[in-house]
Amino acid sequence: ERDGLRVRAAGDAGISIDLAGKTLRGKGAGHGILVVHGGSAARISGGPQRAIIEGFDHGVVAAGGDLGLLEDVDIRGVVHDGVRLRGDGLVRRCSVTRAGRDGFALSGRNFRATGNRSRNNGRHGFMLMGHGGRLAGNEASNCGGAGFLVTGGGHTIEDCVAEYCGKNGLELVTGAATIRSCVATGNGASGIEGHGSGWRLAGNTATGNGEHGIKARGPGMIDEGGNSGSENGAAASSEVVQCRIGDAPCVAPASSVAP
């Protein structure tokens with residue numbers, strides 16, 4: 001078999017796997033871990049020493065809610081996606097480096113991702129689809145596409161970092177979304193940009209991006225304050241927007257308002 005590990009639970013009982021810091025090494029084909037059937041939901045941990053998956057076609061792939069937890073795994077040098085999951089599971093404290101396509105491709109409903117890092121990947125750092133995803137404390141850097149590409153609706157993204165990616169730091173084409181306390185720095189296009197409806201933005205910062213800072217277009221946009229953009233637009237061919245949410249410039253942070 002070309003897969004490093006194939007998970008197939010017997011019946012509906014959940015299955016837990018501790019990789020105990022081991023390395024799964026491939027030769028450019030197959031999956032590092034393929035979850036075929038996780039029962040009620042598989043739980044895969046890299047262990048205190050962190051497991052490594054490298055050199056496969058894909059890193060970790062699961063569909064249909066078969067993976068409830070993936071944690072403490074470092075994925076390196078895969079041909080396509082580092083982590084591709086569909087369902088309502090949790091991915092935490094994982095990293096993807098030098099994937100040929102997306103670092104993390106997450107879809108489904110109510111999935112969660114916390115404390116993950118995506119670096120030097122060929123396309124997007126994080127690609128979000130589906131509905132109701134919650135991301136906190138994730139970082140994307142030096143990716144070829146967007147740091148975070150957000151589609152679907154109802155996602156919440158907090159405390160994220162998107163820096164030095166080839167396109168937008170955060171690119172959103174989505175319905176309702178909450179973007180809070182994210183930092184976008186030095187990206188090739190804009191820091192945070194997109195169109196949709198019903199977004200809530202608070203405490204986000206965009207600095208030194210090639211085109212716009214924060215540019216949120218569409219009806220029902222809510223500026224909850226503390227959003228700012230500065231020193232953006234070095235590569236822009238038209239008028240630069242430092243920070244605009246809906247039809248109005250961003251509300252100035254409280255500390256910058258004169259008494």
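For the single chain, residues carry numbers from 1 onward in sequence order.
- The side-chain hydrogen bond (donor to acceptor under 3.5 Å, both in side chains) test applied to R43 returns no partner, not counting sequence neighbours.
- A 4.5 Å side-chain heavy-atom check between E224 and I222 finds at least one atom pair inside the cut-off.
- Counting only distance, with no hydrogens or angles, the side chain of N168 and the backbone of G191 share no donor-acceptor pair below 3.5 Å.
- Across all non-hydrogen atoms, the minimal contact from G125 to A140 is CA-CB, 4.2 Å.
- Counting only distance, with no hydrogens or angles, the side chain of W199 and the backbone of T174 share a donor-acceptor pair below 3.5 Å.
- Side-chain contact between H58 and V78 is absent, with no heavy atoms from C-beta onward closer than 4.5 Å.
- Residues meeting the side chain to side chain contact (heavy atoms under 4.5 Å, CB included) test with V173, sequence neighbours left out: H195.
- In terms of the side chain to side chain contact (heavy atoms under 4.5 Å, CB included) criterion, Q49 has no residue partners (sequence neighbours excluded).
- Listed by chain and number, the residues in a side chain to side chain contact (heavy atoms under 4.5 Å, CB included) with K215 are E193, H212, R217, V241 (sequence neighbours excluded).
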So V83 and D81, side chain to side chain contact (heavy atoms under 4.5 Å, CB included) or not? Walk me through it.
CA-CA 6 Å; V83 175; D81 300 325; over 6 Å; no

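- Placement of L5 and L85 within a single hydrophobic cluster is found when ILVMFWY residues are connected by side-chain heavy-atom separations under 4.5 Å, directly or transitively.
- For residues 91-100, the pairs satisfying side chain to side chain donor-acceptor pair (under 3.5 Å) are E71-R92, E71-R93, D72-R93, D74-S95, with sequence neighbours left out.
- In terms of modelled atom types and a separation under 3.5 Å, the side chain of N187 and the main chain of Y164 share a donor-acceptor contact.
- Under the 4.5 Å side-chain criterion, counting only non-hydrogen atoms from C-beta, L24 is not in contact with I52.
- Heavy atoms only, all atoms of each residue included: A62 and V35 are closest at CB-CB, 3.6 Å.
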One pair to check against side chain to side chain contact (heavy atoms under 4.5 Å, CB included): N121 and N142. What are the steps and the verdict?
CA-CA 7 Å; N121 297 305; N142 295 289; over 6 Å; no

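- Both L135 and V96 belong to a single network of hydrophobic side chains, linked directly or stepwise wherever heavy atoms of I, L, V, M, F, W or Y lie under 4.5 Å apart.
- Between C165 and the choices S141, S118, C143, the side-chain contact (heavy atoms from CB on, under 4.5 Å) rule is met once, by C143.
- Residues D102 and L149 form no side-chain contact, since every pair of their non-hydrogen atoms from C-beta on lies 4.5 Å or further apart.
- Pairs engaging residues 100-138 under the ring pair (Phe, Tyr, Trp, His ring centres under 6.0 Å) rule: F104-F126, F111-H155, F126-F148 [sequence neighbours left out].
- Clustering of Ile, Leu, Val, Met, Phe, Trp and Tyr side chains at separations under 4.5 Å places L90 together with L69.
- For residues 103-117, every residue pair satisfying the salt bridge (charged side-chain N to carboxylate O under 4.0 Å, His left out) rule, not counting sequence neighbours, is listed here: R117-E139.
- Taking hydrophobic clusters as Ile, Leu, Val, Met, Phe, Trp and Tyr residues chained together by side-chain heavy-atom distances below 4.5 Å, L34 does not share a cluster with L106.
- Placement of F56 and V61 in two distinct hydrophobic clusters is found when ILVMFWY residues are connected by side-chain heavy-atom separations under 4.5 Å, directly or transitively.
- In this structure, the side chain of S190 does not engage the main chain of I192 through any donor-acceptor pair within 3.5 Å.
- In this structure, the side chain of N209 engages the main chain of G186 through a donor-acceptor pair within 3.5 Å.
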Hey, can you pull the donor-acceptor pairs under 3.5 Å for the side chains in residues 15-22, sequence neighbours left out?
from : atom 1 : to  : atom 2 : distance (Å)
D18  : OD1    : A20 : N      : 2.8

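- No single ILVMFWY cluster, assembled from side-chain heavy atoms under 4.5 Å apart, contains both M127 and V150.
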V7 and V36: CA distance, side-chain angles, deciding distance, side chain to side chain contact (heavy atoms under 4.5 Å, CB included) verdict:
CA-CA 6 Å; V7 179; V36 178; over 6 Å; no

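- Judged by distance alone, with hydrogens and angles left aside, the side-chain atoms of N204 form a donor-acceptor pair with the main-chain N or O of C182 at under 3.5 Å.
- Of the possible donor and acceptor atoms, none in the side chain of N138 sits under 3.5 Å from a partner among the backbone N and O of C160.
- Here D223 pairs with N227, I245, C250, V251 under the side chain to side chain contact (heavy atoms under 4.5 Å, CB included) rule; sequence neighbours left out.
- Residues R84 and R101 meet the side-chain proximity criterion, which asks for heavy atoms closer than 4.5 Å.
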Checking N110 against D88 for the side-chain hydrogen bond (donor to acceptor under 3.5 Å, both in side chains) test, could you report, in this order, the C-alpha distance in whole Å, the side-chain angles of both residues, the deciding distance, and whether it holds?
CA-CA 5 Å; N110 303 322; D88 59 356; over 6 Å; no

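- In this structure, CE in M221 is found 13.0 Å from CZ in R244, a value given to the nearest 0.5 Å.
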How far apart are the C-alpha atoms of L128 and I157, what are their side-chain angles, what is the distance that settles it, and do they pass the side chain to side chain contact (heavy atoms under 4.5 Å, CB included) test?
CA-CA 10 Å; L128 309 183; I157 304 174; 3.9 Å; yes

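- Separation of atoms CD1 (I33) and CD1 (I53) is listed at 4.0 Å; rounding is to 0.5 Å.
- When the side-chain hydrogen bond (donor to acceptor under 3.5 Å, both in side chains) test is applied to Q242, the partners found at least two apart in sequence or on another chain are N232.
- Open room surrounds CZ on R200; 12 or fewer heavy atoms of other groups in view lie less than 6.0 Å from it.
- A distance-only check finds no donor-acceptor pair linking the side chain of D57 to the backbone of H31 [under 3.5 Å].
- Within the structure, salt bridge (charged side-chain N to carboxylate O under 4.0 Å, His left out) pairs that include any residue of residues 23-33 comprise R25-E54 (at least two apart or interchain).
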